[in-house]
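Chain letters run A, B, ... following the sequence lines, proteins first, then strands; residues in each count from 1.
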There are 2 protein chains.
Amino acid sequence: MPHDHNACPDCGLPDLAFAVHDHAHCAEQVLARAEALAQDAGARMTPVRKRVLEILLENHKALGAYDVLQRLAAEGFGNQPPVAYRALEFLVEHGFAHRIRRVNAFAACMYPGEDHAPVFLICKTCDLVAEAPAAPVRAALDAAAQAIGFSIERSNIEALGQCPACRGAA
Amino acid sequence: MPHDHNACPDCGLPDLAFAVHDHAHCAEQVLARAEALAQDAGARMTPVRKRVLEILLENHKALGAYDVLQRLAAEGFGNQPPVAYRALEFLVEHGFAHRIRRVNAFAACMYPGEDHAPVFLICKTCDLVAEAPAAPVRAALDAAAQAIGFSIERSNIEALGQCPACRGAA
DNA sequence: GCATATGTGTTATATTATAACTCGTCAATA
DNA sequence: TATTGACGAGTTATAATATAACACATATGC
């Protein structure tokens, strides 16, 4: 039985992105899982790719491709857009990162390998992004599609608003 | 009581975008409704704005800002990006059009004035976009957000796939 | 009629994303 | 071991999407 998607896989914290937690620890766990999964899949987690995932994992924010690129360039990797885009594309294809279309940005997947299709809650104040449990939402979406005979291949469900902390501060 | 969101407001056809229907008629109705609503709201449906809505209403596809711009320019309106973007922004703000982020494009709203937050089903084969009934999906999304204390301000729910007709053809 | 707000058009530029080619590395193989 | 072929990374160049800022006209409210 898969564990609760709304909790940290390791420490069990709820609403991972927005809750205070030992982030270094959480990032480390996710990175390790991603590397193991890549290995299993015969995909090569090269230095750039790993570094990009690490960058995304540094916090729970969504970063634009050019933000990532800037970091890479500063660290001696290539400094042209394709370098960042290709690594990000690899991560997304393998489920190690998500593309958040609302903000033209990318965020590390917190539950790699769990074959989920999450909804994203994006705090407009602090920019943090949470992957919320999506099963009921997906079910409703599938039902709506099925009702008119539409077959869904990929979908994105994204919400902009305020996280608990920022709402409290306001 | 509001009528069924999944049916043409006028002719009652289900799954408007994908169903065969008298589109000229459907477009005309929607345009008329939008103009009346703009009037009520004290918003000015100027020639460019009206024309852009007409262009979007010519079919049920999502059009990029530059596609719209090209049409406008050919008809003697301005030919610089802001002309299109501003008209589109106006239409979106007033609920006469929707922005479909997945494809960086805009589509006419088929149910203006009904205060809905629809789900978009985008056929990757024929490019048609349907606004599906969203209430259950929104409810599930709200529940997911509420569970972690996140307050949603705006959200987008978009799915890419195949419409009944294109699936039948394949 | 006058002042103001709003809308249109313009120039210029920012931001996001991809095409196409080159080179190096590594692994499988002859 | 030398060869080849796949893949990845780097580059140049350009495409596609979007906005800032200003000039001018026109509509609206007084």
Atom CG of B:Leu69 and atom P of D:dA16: how far apart are they, to the nearest Å?
14 Å

For chain B, the stretch of DNA chain C it reaches, first to last nucleotide, under 4.0 Å of its heavy atoms:
C:dT6 to C:dT11

May I ask you to say what B:Arg101 touches in the nucleic acid, namely base, sugar-phosphate or nothing, with a heavy-atom cut-off under 4.0 Å?
nothing

Between atom OH in A:Tyr85 and atom C1' in D:dA15, what is the gap in whole Å?
12 Å

Check whether A:Phe90 forms a cation-pi arrangement with A:Arg49 (NZ or CZ under 6.0 Å from the six-membered ring centre, at most 45° off the ring normal).
yes

Give me the one residue out of B:Glu35, B:Glu28, B:Gln29 that meets side chain to side chain contact (heavy atoms under 4.5 Å, CB included) with B:Leu31.
B:Glu35

At their closest point, which heavy atom of A:Arg102 faces which heavy atom of B:Ser155, and how far apart are they?
NH1-C, 3.6 Å

Short side-chain donor-acceptor distance under 3.5 Å, A:Gln162 and B:Ser151
no

Heavy-atom pair of closest approach, residues A:Ala84 and A:Leu69:
CB-CB, 3.8 Å

Check: protein-nucleotides 6-10 of chain D nitrogen or oxygen pairs below 3.5 Å:
unit_1	atom_1	unit_2	atom_2	d
D:dG8	OP1	A:Arg49	NH1	3.4
D:dG8	O5'	A:Arg49	NH2	3.3
D:dA9	OP1	A:Thr46	OG1	2.3
D:dG10	N7	A:Arg86	NH2	2.3
D:dG10	O6	A:Arg86	NH1	3.0
D:dG10	O6	A:Arg86	NH2	3.4

Do the side chains of B:Arg167 and A:Glu153 get close enough for a salt bridge, i.e. N-O under 4.0 angstrom?
no

How are the rings of B:Phe150 and A:Phe18 set to each other: parallel, tilted or perpendicular (split at 30° and 60°)?
parallel

B:Glu158 and B:Arg101 ion-paired at < 4.0 Å
no

To the nearest 10°, let me know how far the axis at one end of the helix from C:dG1-D:dC30 to C:dA30-D:dT1 is tilted from the axis at the other, five pairs an end.
30°

Give me the ring orientation class for A:His21 and A:His60: parallel if the planes are under 30° apart, tilted from 30 to 60°, perpendicular past 60°.
tilted

Taking 4.0 angstrom as the limit, do A:Glu89 and A:Arg99 come out as a salt bridge?
no

Restricting to non-hydrogen atoms, name the atom on A:Val119 and the atom on A:Arg138 that form the minimum distance, rounded to 0.1 Å.
N-NH2, 4.4 Å

Just the rounded figure in Å: distance from P of D:dA16 to CG of A:Asn104.
17 Å

Gap between atoms OH and P, on A:Tyr66 and D:dA16 respectively (whole Å)
14 Å

